[in-house]
Protein chains: 2
Amino acid sequence: MSLHDTTQTKILDAAEFLFAERGFAETSLRTITGRAKVNLASVNYHFGSKKSLIQAVFDRFLQEFTAQLSSHLDQLEREPAEELQAETLLSALIDPLLSLNTTRNNAVSIFMRLLGRAYAETQGHLRRYVTERYGHVLVRFTHLFQKGYPELSNDQIFWRLHYMLGSLIFTLAGSDALRQISEADFNRSLEVKDVIQEMVPFLAAGMKA
Amino acid sequence: MSLHDTTQTKILDAAEFLFAERGFAETSLRTITGRAKVNLASVNYHFGSKKSLIQAVFDRFLQEFTAQLSSHLDQLEREPAEELQAETLLSALIDPLLSLNTTRNNAVSIFMRLLGRAYAETQGHLRRYVTERYGHVLVRFTHLFQKGYPELSNDQIFWRLHYMLGSLIFTLAGSDALRQISEADFNRSLEVKDVIQEMVPFLAAGMKA
DNA sequence: GTATGTTTCAAACAAGTGTTTTACTGTGCC
DNA sequence: GGCACAGTAAAACACTTGTTTGAAACATAC
């Protein structure tokens, strides 16, 4: 049996779609197993619990994303400070996203919606889990910005990075709906790639402000 | 009995706090009525259903907010185009937020977290309810930006407005946690007011880019 | 004070949840 | 063939959910 047709990946595929679409609590295991066309008990058999399934969904996305981001950061950390323009740094974030989208359909939108939901879980374990496991990549990213823009104070960079993340997550999480509105109003068809590229000047100008 | 101690407002107060903190599905009516110190059945008696309670929570916030925003827009719509700088337009959005925060403690953070959750409900009724009932104010806001920045295309403005909303909602929704991190890392205590003001240069630069 | 309409209360209801159990199926190994 | 074992299947479990019920308490009017 191919790796892409195992029960585990069928569950993961169905779960990540439904979690992004409706949220974690609003998605029952019966809905997931129904969509994945597997038995209800197989979730607990393969993943242990619903909570662990949620973490597994995040892990599959974040491992692929942070691996790519990390190799971009490796490269940037060897560059001199004057090469670290906001646009260059942004592409270290954007390239892995675009690559995600070519691997799987609509992956960026799903990924960002999941991130938005994890972020909303202020008191939940999920946010802590994600930041503890993948937070170090964000720290490296922050240091590169400090190196590229020494005239900005550390907390200015801290906050502006979060403004940027807000724009990215918020816009890309809703990009499906927004693209439809945009096409209806302006008769201009947009790909996710275009939406992302369109954001770069906005974000870069803000970072340099 | 004072207006602020009625069963209905006690329920609304408890509900808006818990909805913002945990989400709609994750908050049971028993948790709400427990916190509000009222009987379980009173929610269905006064509001009809849980769904209607959620809408009522949004109405209370949005009525106060859009009323203030609307009067700002009335004033701006009488100004000549050259007065419509990004910073000026932003203050039409920010002033009502700050005024919300003086009326009730931490209201901005709660309000923004609720908005973020409503936005995440891509397929749910809530997002449709909010946009249908309060969307016209956003349209007026868009027109003012088009008037102030005629060199930008309509869909550029459309998208940048959403980038801006993303930053605002995302940052302010997490402002409690972010402020704690910021204080720990940089020994600088920040009020919500400071966080908002700090965003203005970033957002304005992006809009003008 | 009695009658009327409104609000509160405890209890119960049906439906849906995550999880566990138990039996069954297939597969590879000796 | 027989055996151990990973995976699947259906059913049941204990529990929580939103909602409804019917009686009690309260307020208001005449």
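Just so we're clear, the structure is a prediction, and the values are computed from it rather than from any experiment. Labels below follow one simple rule: chain letters A, B, ... track the order of the sequence lines, proteins then strands, and each chain is numbered from 1.
Atom CG of B:Asn44 and atom P of D:dT20 are 6 Å apart (whole Å). Between the P atom of C:dT17 and the CZ atom of A:Phe24 lies a distance of 17 Å, rounded to the nearest Å. For A:Lys51 and C:dG18, the NZ to P distance is 14 Å, given to the nearest whole Å. C:dA23 atom P lies 19 Å from atom CG of A:Leu40, rounded to whole Å. Following rounding to the nearest Å, B:Lys50 (NZ) and C:dG16 (C1') show an atom-to-atom distance of 13 Å. To the nearest angstrom, P of C:dG18 lies 11 Å from CD of A:Glu26. As rounded to whole Å, 4 Å separates atom P of C:dT7 from atom OH of B:Tyr45. The CZ-P distance, from B:Arg22 to D:dT17, rounds to 10 Å in whole Å.
Salt bridge B:Asp59/B:Arg133: present, at least one basic N to carboxylate O contact under 4.0 Å. For the pair B:Asp155 and B:Arg160, the salt-bridge criterion is not met [side-chain N within less than 4.0 Å of a carboxylate O]. Between A:Arg113 and A:Glu21, at least one side-chain N (NZ, or NE/NH1/NH2) sits under 4.0 Å from a carboxylate O, which counts as a salt bridge. Taking a cutoff of 4.0 Å between a charged side-chain nitrogen and a carboxylate oxygen, B:Glu198 and B:Lys193 do not qualify as a salt bridge.
In DNA chain C, runs of at least 3 stacked Watson-Crick or G-U pairs (N1-N3 plus N6-O4 or O6-N4, or N1-O2 plus O6-N3, all under 3.5 Å) give these stems: C:1-30 with D:1-30.
Using a 4.0 Å heavy-atom criterion, one finds that A:Thr27 contacts the sugar-phosphate atoms exclusively. When heavy atoms are screened at a 4.0 angstrom cut-off, A:Ser42 is found touching no nucleic acid atom at all.
At least one side-chain nitrogen or oxygen of B:Asn39 sits closer than 4.0 Å to the OP1 or OP2 atom of C:dA10. Note on A:Thr7: every side-chain N or O is 4.0 Å or more away from OP1 and OP2 of D:dG7. Side-chain N/O atoms of A:Ser28 include one lying less than 4.0 angstrom from OP1 or OP2 on C:dT17. For the OP1/OP2 pair of C:dT6 and a distance below 4.0 Å, the side-chain nitrogens and oxygens of B:His46 include no atom meeting the criterion.
In this view, B:Ser70 and B:Arg140 satisfy the side-chain hydrogen bond (donor to acceptor under 3.5 Å, both in side chains) rule, not counting sequence neighbours.
Along DNA chain C, the nucleotide nearest B:Arg30 and the nucleotide nearest B:Gln8 are compared for position; the residue whose nucleotide lies closer to the 5' end is B:Gln8.
B:Tyr163 and B:Trp159 have tilted rings, their planes meeting at an angle from 30° to 60° on a 0 to 90° scale.
Among A:Phe61, A:Phe19, A:Phe17, A:Phe58, the single residue meeting the ring pair (Phe, Tyr, Trp, His ring centres under 6.0 Å) criterion with A:Phe111 is A:Phe61.
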